[in-house]
Amino acid sequence: MEESSTRPARAGDDTPGEMVLRPVGVVRNSTKEPFLVAGGDGLALREDLDDAMEHVHETNNGTSEIVVNKDLIESLDGIEDYSHLTVLYWAHQVPETGRSLTRVHPMGRKDMPLTGLFGTCSPARPNPVLVTVVRLCGRNENVLEVAGLDAIDGSPVIDIKPYVREFFPREGVRIPWWMQQFMREFGRSDQ
């Protein structure tokens with residue numbers, strides 16, 4: 001992704017006009033295809049559910065490199081003092097048809113309710129900006145080694161921020177039943 005821009009503002013539209021994003025780096029790992037595919041018909045798992053679960057497990061335990069643009073190397077000063085980072089990246093393989101979806105079955109599973117896109121973590125979004133928290137394993141100049149990054153190889157990185165858990169609510173957080181079920185299935189539930 002060299003750069004990306006949003007659509008121009010339309011009459012009667014309260015959103016701002018053009019917005020330009022420039023990647024700060026790129027993801028390097030062995031994941032070549034997303035396990036969840038977005039298209040005109042909605043979301044679908046690329047593999048069967050068991051293979052998708054294995055993919056999630058491998059992502060949680062595997063490492064990736066974030067190769068930060070060399071002209072931004074000074075921006076990394078002090079990053080080693082954090083155990084975790086918040087990474088924003090562009091889901092560059094989501095096709096235009098996937099970006100026009102407004103409702104999806106979460107994870108492409110028909111046993112889950114048809115849900116408004118903004119009520120999901122789906123990669124199929126009008127602007128496919130994804131965010132995840134990763135563990136920082138190390139830094140070598142402009143290369144960050146991280147664990148738990150669910151991006152695919154070649155994903156443009158939009159921004160990197162330190163993860164500070166105190167910035168996020170911990171009490172009174174509520175999620176729908178189907179997300180609770182996913183968390184149990186992925187082994188990420190405290191229950």
J.: When Ile, Leu, Val, Met, Phe, Trp and Tyr are grouped by side-chain heavy atoms lying under 4.5 Å apart, directly or through other members, which residues fall in the same group as V143?
T.: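 ILVMFWY cluster around V143 also holds V26, V67.
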J.: Treating Ile, Leu, Val, Met, Phe, Trp and Tyr as nodes and any side-chain heavy-atom pair under 4.5 angstrom as an edge, say whether W177 and L114 lie in one connected cluster.
T.: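 No, separate clusters.
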J.: With sequence neighbours left out, write down each residue that passes side chain to side chain donor-acceptor pair (under 3.5 Å) with N140, or none if nothing qualifies.
T.: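 With sequence neighbours excluded, N140 shows a side chain to side chain donor-acceptor pair (under 3.5 Å) to no residue whatsoever.
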J.: Tell me who clusters with V94, hydrophobic residues only, linked when side chains sit under 4.5 Å apart either directly or through other members.
T.: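 V94 shares its hydrophobic cluster with no other residue.
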J.: So, applying side-chain contact (heavy atoms from CB on, under 4.5 Å) with V27, which one of I152, L149, D150 is it?
T.: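 So the option named by the test is L149.
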J.: Using the test side chain to side chain donor-acceptor pair (under 3.5 Å), find all partners of K70 that sit at least two apart in sequence or belong to another chain.
T.: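 If we apply the side chain to side chain donor-acceptor pair (under 3.5 Å) test to K70, skipping adjacent residues, there are no hits.
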J.: Quick test of your reading: applying salt bridge (Lys or Arg N to Asp or Glu O under 4.0 Å), list the pairs with at least one residue in residues 110-126, sequence neighbours left out, ordered by first then second residue.
T.: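 Sorted pair list: R109-D111.
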J.: Sequence neighbours excluded, which residues qualify as salt bridge (Lys or Arg N to Asp or Glu O under 4.0 Å) partners of D81?
T.: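 Residues passing salt bridge (Lys or Arg N to Asp or Glu O under 4.0 Å) with D81: none at all.
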J.: Under the side-chain contact (heavy atoms from CB on, under 4.5 Å) rule, collect the residues that match up with S75, sequence neighbours excluded.
T.: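 S75: side-chain contact (heavy atoms from CB on, under 4.5 Å) contacts with L72.
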J.: Tell me every residue that passes salt bridge (Lys or Arg N to Asp or Glu O under 4.0 Å) with R28, counting only those two or more places apart in sequence or in another chain.
T.: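 Partners of R28 by the salt bridge (Lys or Arg N to Asp or Glu O under 4.0 Å) criterion, ordered by chain and then number, come out as D153.
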J.: For R139, enumerate each residue passing the side chain to side chain donor-acceptor pair (under 3.5 Å) test, keeping only those at least two apart in sequence or located in another chain.
T.: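 Listed in chain order: E80.
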J.: Are there over 12 heavy-atom neighbours, none belonging to R170, within less than 6.0 Å of that residue's CZ?
T.: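 More than 12 heavy atoms, drawn from other residues, nucleotides or ligands, come within 6.0 Å of this atom.
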J.: Any pair with a residue in residues 63-86 that passes ring pair (Phe, Tyr, Trp, His ring centres under 6.0 Å), sequence neighbours left out, goes on the list, sorted by first then second residue, please.
T.: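 Ring pair (Phe, Tyr, Trp, His ring centres under 6.0 Å) check on residues 63-86 returns no pairs.
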J.: More than 12 heavy atoms of other residues, nucleotides or ligands under 6.0 Å from CZ of F118: yes or no?
T.: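 Open: at most 12 neighbouring heavy atoms sit under 6.0 Å from CZ of F118.
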J.: With sequence neighbours left out, write down each residue that passes ring pair (Phe, Tyr, Trp, His ring centres under 6.0 Å) with F167, or none if nothing qualifies.
T.: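 Not a single residue meets the ring pair (Phe, Tyr, Trp, His ring centres under 6.0 Å) criterion with F167.
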J.: Under the side chain to side chain donor-acceptor pair (under 3.5 Å) test, which residues partner N69, sequence neighbours left out?
T.: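 N69: no side chain to side chain donor-acceptor pair (under 3.5 Å) contacts found.
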